[in-house]
Novice: 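Submitted below is the structure of interest, expressed as structure tokens.
The sequence lines fix the lettering, A, B, ..., with proteins before strands; numbering per chain opens at 1. All values below come from the heavy atoms of this structure, side chains included, with hydrogens, waters and symmetry mates left out.
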There are 4 protein chains.
Amino acid sequence: MGAVKSVRAKRMPRAVREQQMMDAAVQTFGQRGYRAASMDEIAELAGVSKPLVYLYLNSKEELFTACIRREAKALTEAVQAAVEPGLSADRQMWAGLEAFFRHTAENPDGWSVLHHQACTHGEPFAAEVAKMREEIAAFVTGLIAAAARQGVPPAAHRDAELAERDVAGLAQALVGAAESLAAWANETGGVSAKESAGLLMNFAWTGLDRLMRGERWSPQ
Amino acid sequence: MGAVKSVRAKRMPRAVREQQMMDAAVQTFGQRGYRAASMDEIAELAGVSKPLVYLYLNSKEELFTACIRREAKALTEAVQAAVEPGLSADRQMWAGLEAFFRHTAENPDGWSVLHHQACTHGEPFAAEVAKMREEIAAFVTGLIAAAARQGVPPAAHRDAELAERDVAGLAQALVGAAESLAAWANETGGVSAKESAGLLMNFAWTGLDRLMRGERWSPQ
Amino acid sequence: MGAVKSVRAKRMPRAVREQQMMDAAVQTFGQRGYRAASMDEIAELAGVSKPLVYLYLNSKEELFTACIRREAKALTEAVQAAVEPGLSADRQMWAGLEAFFRHTAENPDGWSVLHHQACTHGEPFAAEVAKMREEIAAFVTGLIAAAARQGVPPAAHRDAELAERDVAGLAQALVGAAESLAAWANETGGVSAKESAGLLMNFAWTGLDRLMRGERWSPQ
Amino acid sequence: MGAVKSVRAKRMPRAVREQQMMDAAVQTFGQRGYRAASMDEIAELAGVSKPLVYLYLNSKEELFTACIRREAKALTEAVQAAVEPGLSADRQMWAGLEAFFRHTAENPDGWSVLHHQACTHGEPFAAEVAKMREEIAAFVTGLIAAAARQGVPPAAHRDAELAERDVAGLAQALVGAAESLAAWANETGGVSAKESAGLLMNFAWTGLDRLMRGERWSPQ
DNA sequence: CATGAATGAGCTTTCATTCAT
DNA sequence: AATGAATGAAAGCTCATTCAT
């Protein structure tokens, strides 16, 4: 599943060739990591010669950046498409999580590129990767904030108000939990997107819900 | 902070030199990643010549494995030392989380080696890395299970019982949330270990607590 | 004589470049030995960059093996081409020896690769080298055995019969004598292939001849 | 057999230590070849530290030269001790050959150093190695010449006279045959020194004998 | 007498990248 | 539109050799 066909067809329009190359690149980067992936392997998997890869995508760095962008866009769109604005906050979150788990399960290499390779600190596209993570976190932050606004009775507002920084922290925690759960579900196998989403909702939503109502856990 | 002093002192006993090398290696691996880190850089940072690194630590792979082991041991011990067996489940978890956030904040490079480089799939020490993650997850799984046993009134037991797989999933989610939160706290700065631990307890504990009592969230 | 031209001509077809590289490799291996020969030197002598050598011939080991094969094939073919099946046993042997001495005199580096480097015991291609020696010895063994069958009057057969192991030993001795003589002729200079062949025939043939007739030398 | 004991006994007199080192060196050089043998391995096998090897034997090159000299001396002496001046030429040669085969079978590593590693052309001690071969060849040349003088009736002298160069060539051939036979006997196993000597006498002596009597083989 | 500590230099190998066609 | 030919630069690793004790 997801393996790129390497039938070497000649004379394809540029756009198609580019997609083939990026498919091969995502697969290779996802499985090997940025440094360990070689342009040779990518070109061969794409069924083209190396110079063509350079002609179309300029450099390994740019190729990787393009992969990040494409996969991030695909994931974001999948999640956003699933979140219907009219629903209640918890339903929105559930739908988003379910879409997230489904998409990552269906595109493991793409997800690997986003998730695993996101840590390539010293590399020159670190900024690009960081930006993607920010965007996703911001999206979730928005969801949580919206939920907070919506789900809490005005009377409780003052006490319950979550500091902005706390919301950001929660978003990070949620994203991390989802990522980790997705990886685990992928490796373990047999865990459906719905189950993962349910598990995470149970784990986190009740906590979020209470938080928004002003309840707090504290040592002692 | 954490930068290794590179004063080139000659003729040190082997044990000391080995620690210096591993310090340098952790720093370099943590900041660059396994592949991007070069033995030259590590040696220079350690203030020794490359052959000495090989003489003492045999190969890049073994060096990395040794780093993984050292840092994992340090983190595990820090967490375990903080968790007093006599305490209640939530206090235990809070203490563990606080120790975790404190340790990772104090050893960002070591944490990076464990967390970020944990994804080096094709590399030959992947097993080592995976084992570490398993251990940590197993530890957390144990905590959750213990909490479940302890915190739930016998009457509610039957309904509330969490499937083993769910507990494992929850542990993964919790670890992921903690990891992500730790990374965010580190990057953002100004978020103390106590705050992070509190945030995560609020986020997750109440959920766990409810789960153990048999309450469930479900879409509609 | 035999020195490879290092005119750096660009953009040659692969087959040509490969031959150039192998020429350079044979020369270098022959003069320096396997371990002492460096890929740098081979590449420079071939007039190409090192990566190209690796691109075409994969590794030092494979390159050496390829050299062994090429030179062994050339030598074997030269000898076999000279041995006309119709001739008498002694004429066949003389022709073979003459071709052997001529070929080795004309290709001293190739001969060195086969002869001198044949002793690289610990190296991973030792098997390859050993096989070549076996083949040559087997070829000579065949010649001697054929001569024995042909040159001996049936009446003398029973006594004269040479044990199989003795034939093999004789072949080894003959090959060793030829090798040593070839090396000496090469170094000394001024000794033609015909002279060497004649010397060895005088030295060995009469002995073989007598042996086949059942005459034996024994101490006392 | 021949394996050096590596019991690490301290404070030995220099002469003993030197012999231990050379034993280890001969073994290592013999099995690995000059380049592939490492001073580390030799030192370890000798049960001493590397600096001590350097203190006593100065360099790898000198160490190897010392090995060549020691082993060549041992071999030469073994052969010379076996050749009693009073005997007839053929008995002398048989005795010498038998001693040669016996000694090389008993000291395979030493023999390997002399025989196999003798081909290290580019190395700086090539001269040393060459000298040894010259000496051996000269010794044999002497034997053959003596035999020629002694074994031939004065009347036949004029025609039979072997050119000096031919004698040298014959010596080379004989040495090569003996070397090759010795190697084969060693590898094959189960071939005694006496058998080898007999085989070679049968192979070569009759030829030499006839040669000295003026008989010649010639094509046609 | 003996060694643990240390290194400069070199080796094989790989890779991103570019020409010339 | 596409590629076979080619390389500069760097990485992992090893080794003969030397101090300082």
Novice: Rounded to the nearest Å, what distance is computed from the CG atom of residue C:Leu55 to the P atom of nucleotide F:dT3?
Specialist: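 Checked: the CG to P distance equals 16 Å.
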Novice: Would you say the side chain of C:Lys50 and the base of F:dT7 hold a donor-acceptor pair, judged only by whether the two atoms sit under 3.5 Å apart?
Specialist: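 Check fails, no donor-acceptor contact within cut-off.
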Novice: Identify, between C:Ala15 and B:Ala36, the residue whose nearest nucleotide on DNA chain F lies closer to the 5' end.
Specialist: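 In this pair, the answer is C:Ala15.
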Novice: I need the CZ-C1' distance between B:Phe125 and F:dG12, as an integer number of Å.
Specialist: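 In whole Å, F:dG12 C1' and B:Phe125 CZ are 14 Å from each other.
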Novice: Under a 4.0 Å threshold between the charged nitrogen and the carboxylate oxygen, would A:Arg70 count as salt-bridged to A:Asp23?
Specialist: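 A:Arg70 and A:Asp23: salt-bridged.
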Novice: Using side-chain heavy atoms (C-beta onward) and a distance below 4.5 Å, is C:Glu41 in contact with C:Arg32?
Specialist: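 With C-beta onward as the side chain, the pair touches.
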Novice: Please name the nucleotide paired to F:dG12 by Watson-Crick or G-U wobble geometry with both distances under 3.5 Å, or report none.
Specialist: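 Because both required distances fall under 3.5 Å, F:dG12 counts as paired with E:dC11.
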Novice: Can you find a side chain N or O atom of A:Tyr54 that sits less than 4.0 Å from OP1 or OP2 on E:dT17?
Specialist: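 Looking at the OP1 and OP2 atoms of E:dT17, one of them is under 4.0 Å from a side-chain N or O of A:Tyr54.
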Novice: Supply the atom-to-atom distance B:Leu63 CG to B:Phe29 CZ, rounded to the nearest 0.5 angstrom.
Specialist: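 Result: 4.5 Å between the selected atoms.
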Novice: Whole angstroms only, please: what is the CD-P distance between A:Glu44 and F:dT3?
Specialist: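 After rounding, the reported distance stands at 13 Å.
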Novice: Both distances below 3.5 Å, Watson-Crick or wobble geometry, any strand: find the nucleotide opposite E:dA20.
Specialist: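 Paired with F:dT3.
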Novice: Provide, to the nearest angstrom, the distance between the CG atom belonging to C:Leu57 and the P atom belonging to E:dT13.
Specialist: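 To the nearest whole Å, that distance equals 12 Å.
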Novice: Both C:Arg35 and B:Arg14 contact DNA chain E. Which one's nearest nucleotide lies toward the 5' end?
Specialist: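 Its nearest nucleotide lies further toward 5', so the answer is B:Arg14.
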Novice: Return whichever of D:Leu52 or A:Tyr34 has its heavy-atom-nearest nucleotide of DNA chain E closer to the 5' end.
Specialist: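 Result: D:Leu52.
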Novice: Nearest-Å distance, CD (A:Glu41) to P (E:dA16)?
Specialist: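 Taking atom P of E:dA16 as the reference, CD of A:Glu41 is at 10 Å.
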Novice: Quickly work out the D:Leu63 CG to F:dC15 C1' distance and round it to whole Å.
Specialist: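 In whole Å, F:dC15 C1' lies 15 Å from D:Leu63 CG.
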Novice: So, does the side chain of C:Arg11 form a donor-acceptor pair with the base of E:dC19 at under 3.5 Å?
Specialist: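 Between E:dC19 and C:Arg11, which were checked side chain against base, a qualifying N/O pair under 3.5 Å is present.
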Novice: In the structure I gave you, are the side-chain heavy atoms of A:Met21 and A:Leu45 within less than 4.5 Å of one another anywhere?
Specialist: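 A side-chain contact is absent here, since even the closest heavy-atom pair is not under 4.5 Å.
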Novice: Which nucleotide in the set E:dT12, F:dG12, E:dA6 lies at the smallest distance from any side-chain heavy atom of B:Met12?
Specialist: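 Selected nucleotide (nearest to the side chain): E:dA6.
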Novice: Between P on E:dC11 and CG on B:Asp40, what's the gap in Å once rounded to a whole number?
Specialist: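 For the pair B:Asp40 CG and E:dC11 P, the rounded distance is 17 Å.
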Novice: Side chains of C:Leu55 and C:Pro51, heavy atoms from C-beta outward: is any pair under 4.5 Å?
Specialist: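 No; the side chains remain at least 4.5 Å from each other.
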Novice: Side chain of B:Lys60, heavy atoms from C-beta onward: which of F:dC13, E:dA6, E:dT17 has the nearest atom to it?
Specialist: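 Among the listed nucleotides, the one closest to the side chain of B:Lys60 is F:dC13.
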Novice: Rounded to the nearest angstrom, tell me the gap between atom OH in A:Tyr56 and atom C1' in F:dT3.
Specialist: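 For the pair A:Tyr56 OH and F:dT3 C1', the rounded distance is 12 Å.
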Novice: Relative to the 5' end of DNA chain F, which residue comes earlier, A:Pro51 or D:Met39, by the nucleotide with the nearest heavy atom?
Specialist: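 That would be A:Pro51.
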